[in-house]
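To start, the structure itself, in structure tokens.
Keep in mind that the numbers below use all heavy atoms, side chains included, and drop hydrogens, waters and symmetry copies. Note on naming: letters A, B, ... go to the chains in the order of the sequence lines (proteins, then strands), and numbering restarts at 1 for each one.
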Amino acid sequence: MKYVDEYRDPALARSLAAEIASLVTPGEVVRVMEVCGGHTHAIYRHGLEELLPPEVELVHGPGCPVCVIPMGRVDDAIAIAETEGVTLATFGDMLRVPGGSGSLLQAQARGADVRMVYSPLDALELARREPDRHVCFFAIGFETTAPATAITLLRARAQELSNFSVFCNHVLIEPPLRAILETPGLRVDAFIGPGHVSSVIGSDAYRFIPEEYGRPVVVSAFEPIDLLQSIAMLLRQRIDGRCEVENQYTRVVRPEGNPRALAAIAETMEPREDFEWRGLGVLPASALRLREPFAAFDAERLFALPGARIEDPKACRCGEVLTGQIKPWECGVFGTACTPERPLGTCMVSSEGACAAYFSYGRLRRPREEAGVGA
Amino acid sequence: MCLGVPAQIVEVADREGGLATVDVSGVRRAVNVALVDEPDAPIEPGDWVLVHVGFALARIDEEEARETLELLRRGAELERELEEMRKGTVR
Ligand code: SF4
């Protein structure tokens, strides 16, 4: 328990760990998927697995928005960036994601005007400052980030900007969860629901998981203590014979979510017929595009995009990592041909990606897991 | 990019436009507060919010904000987020 002294309340962490140990049946493994990349990061960063009995196995889920963007969409962004007179603005993490013809960072080195922004509002400000250039914001993210893009679009319209557009790659959290739940031979018994996505969509949005698939969900905050508490809540549901959505993050998440954020999304965006996910394939109604009234801001209508489907490199097993089928270190190129400095796959790019998180914090514990000692 | 970072409201610069200035561990920038500014509970200087990509997603209490900041600081996540904020802000 070498990390536990760093916790906000080490005594509470220890007592939660003891509680969790008392809630498992010896030899009966419970597999818990943490859906959100922020949770994955926190688990590795704080060595949470060291506090858990071998009967609780954590499985990492698909909730890292950088990780699920397919290579073809990166190539589309590069095509936009290489258009004369165009500036492409996006979050820092997206710059390093490899597409079929390199990354945006490499496009920048070739002379394309690619800029890192902290917020879509910064991209809008760039457009306002540089009326002679067209500024396109490469938008990614789950429902956490979509309201930011939505409000930015509403402001762009209010300001009557004609040199701003959005390349919309916002994705939804429910479809990949359904895809995972429908995987034959599914080996996930319970879910830790994302925190910040849920502040927007609400904890009720996960009711389909217990109701249709018979798995309990606890929406959780991000501190190690919160995650331990959520795991205990999930185990208690099993013991009590309950199967429902519970909310550990009541400080921020309401059952109905944030109505204003949902309204902003609904006003500006609508579901696409389908969208390709890295590792999960094409999932119906799993992403958002701009609505017709915002056509003038829609990069997909303004630019001729290659729109190609590009196969992932053969060695890359991001899809299996994203669906919890393998652990990061089981991928043959993990830590060798694929590192955070030179990522081959997407899960190595963002610090919320399971491979990057594991690479940064988890390597020392790997021999113990391999030896079956339990984490 | 998926972090929510606690920030304290310094000034509500433009309530109509939903813009406020916040302080995150000494770094100041404009964030949009439209999602958390309720008519019957307006955002005021001194309030704490959780900021994600320049938007306040939720209100939080001061104690939680300070604990989360401390945790992010120890994990070096705060430094990285502030770096992105400094580099990625268009002033
Ligand atoms: S090590 Fe790299 S290629 Fe392999 S699954 Fe992880 S990110 Fe993908």
Side-chain angles (χ1 to χ4, degrees), chain A residues 6-9 36-38 41-42 45-46 63-66 89 91-94 115-126 128-129 140-142 144-145 147-149 151-152 154-155 158 194-197 199-200 221-224 249 251-254 258 260-261 264 350-352 361, chain B residues 1-6 14 16-20 22 24 27 29-39 48-91:
Chain A
E6 294 179 8
Y7 289 8
R8 171 171 31 112
D9 186 343
C36 162
H41 182 88
R45 160 74 187 93
H46 299 286
C64 159
V66 175
F91 300 128
D93 278 346
M94 279 318 290
R115 302 203 211 164
M116 192 255 253
V117 289
Y118 168 72
S119 166
L121 291 173
D122 294 311
L124 189 70
E125 184 59 21
L126 269 181
R128 224 178 49 76
R129 296 270 173 95
I140 63 145
F142 284 92
T144 334
T145 319
T149 302
I151 290 176
T152 303
L154 292 168
R155 288 184 68 89
H196 296 150
V197 170
S199 73
V200 173
F222 292 85
E223 290 192 29
Y249 201 11
R251 339 196 279 269
V252 161
V253 176
R254 283 179 283 177
N258 184 324
R260 289 174 191 216
S350 156
S351 64
E352 284 96 23
Y361 304 115
Chain B
M1 61 154 280
C2 273
L3 281 180
V5 186
D14 168 13
E16 209 130 287
L19 284 183
V22 297
V24 190
V27 176
R29 74 155 275 149
V31 301
N32 185 293
V33 292
L35 299 174
V36 295
D37 191 26
E38 321 258 346
W48 285 86
V49 291
L50 205 59
V51 171
H52 167 70
V53 302
F55 285 72
L57 272 190
R59 295 183 187 219
I60 47 176
D61 67 42
E62 171 157 9
E63 194 190 323
E64 177 177 12
R66 292 198 189 280
E67 280 164 0
T68 306
L69 274 174
E70 182 52 32
L71 212 77
L72 292 174
R73 189 171 296 130
R74 282 197 217 146
E77 288 99 331
L78 185 64
E79 205 27 64
R80 210 185 43 230
E81 187 80 3
L82 292 177
E83 185 66 20
E84 288 192 4
M85 217 179 262
R86 283 189 211 107
K87 276 199 195 148
T89 296
V90 177
R91 289 175 204 280

Quiz item: Under 4.0 Å between a Lys/Arg side-chain N and an Asp/Glu carboxylate O for Arg86(B) and Glu79(B)?
Solution: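 Here Arg86(B) pairs with Glu79(B) in a salt bridge, since their nearest N and O are under 4.0 Å apart.
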Quiz item: Is it true that Glu125(A) and Arg129(A) have a side-chain N and a carboxylate O under 4.0 angstrom from each other?
Solution: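 Yes, Glu125(A) and Arg129(A) are salt-bridged.
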Practice problem: Would you please classify the geometry between the His41(A) ring and the Tyr361(A) ring as parallel, tilted or perpendicular, with 30° and 60° separating the classes? | Solution: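 Because their plane-to-plane angle is over 60°, the rings of Tyr361(A) and His41(A) count as perpendicular.
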Quiz prompt | Contact leader toward chain A among Val31(B), Thr68(B), Asp37(B), where contacts are heavy-atom pairs under 4.5 Å | solution =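 Maximum pair count with chain A is reached by Asp37(B).
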Quiz item: Between Leu50(B), Ile60(B), Val36(B), Asp61(B), which has the largest tally of heavy atom pairs under 4.5 Å with chain A?
Solution: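 Highest number of pairs under 4.5 Å: Leu50(B).
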Quiz item: Can you say whether Glu83(B) sits under 4.5 Å from chain A via the side chain, the backbone, both, or neither, judging by heavy atoms?
Solution: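 Looking at Glu83(B), nothing touches chain A.
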Exercise. Could you check Glu62(B) against Arg66(B) for salt bridge (charged side-chain N to carboxylate O under 4.0 Å, His left out), going step by step and ending with a plain yes or no?
Key: CA-CA 6 Å; Glu62(B) 171 157 9; Arg66(B) 292 198 189 280; 2.6 Å; yes
Exercise. Heavy-atom distances under 4.5 Å only: say whether Val200(A) touches chain B with side chain, backbone, both or neither.
Key: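 Answer is side chain: those atoms of Val200(A) sit under 4.5 Å from chain B.
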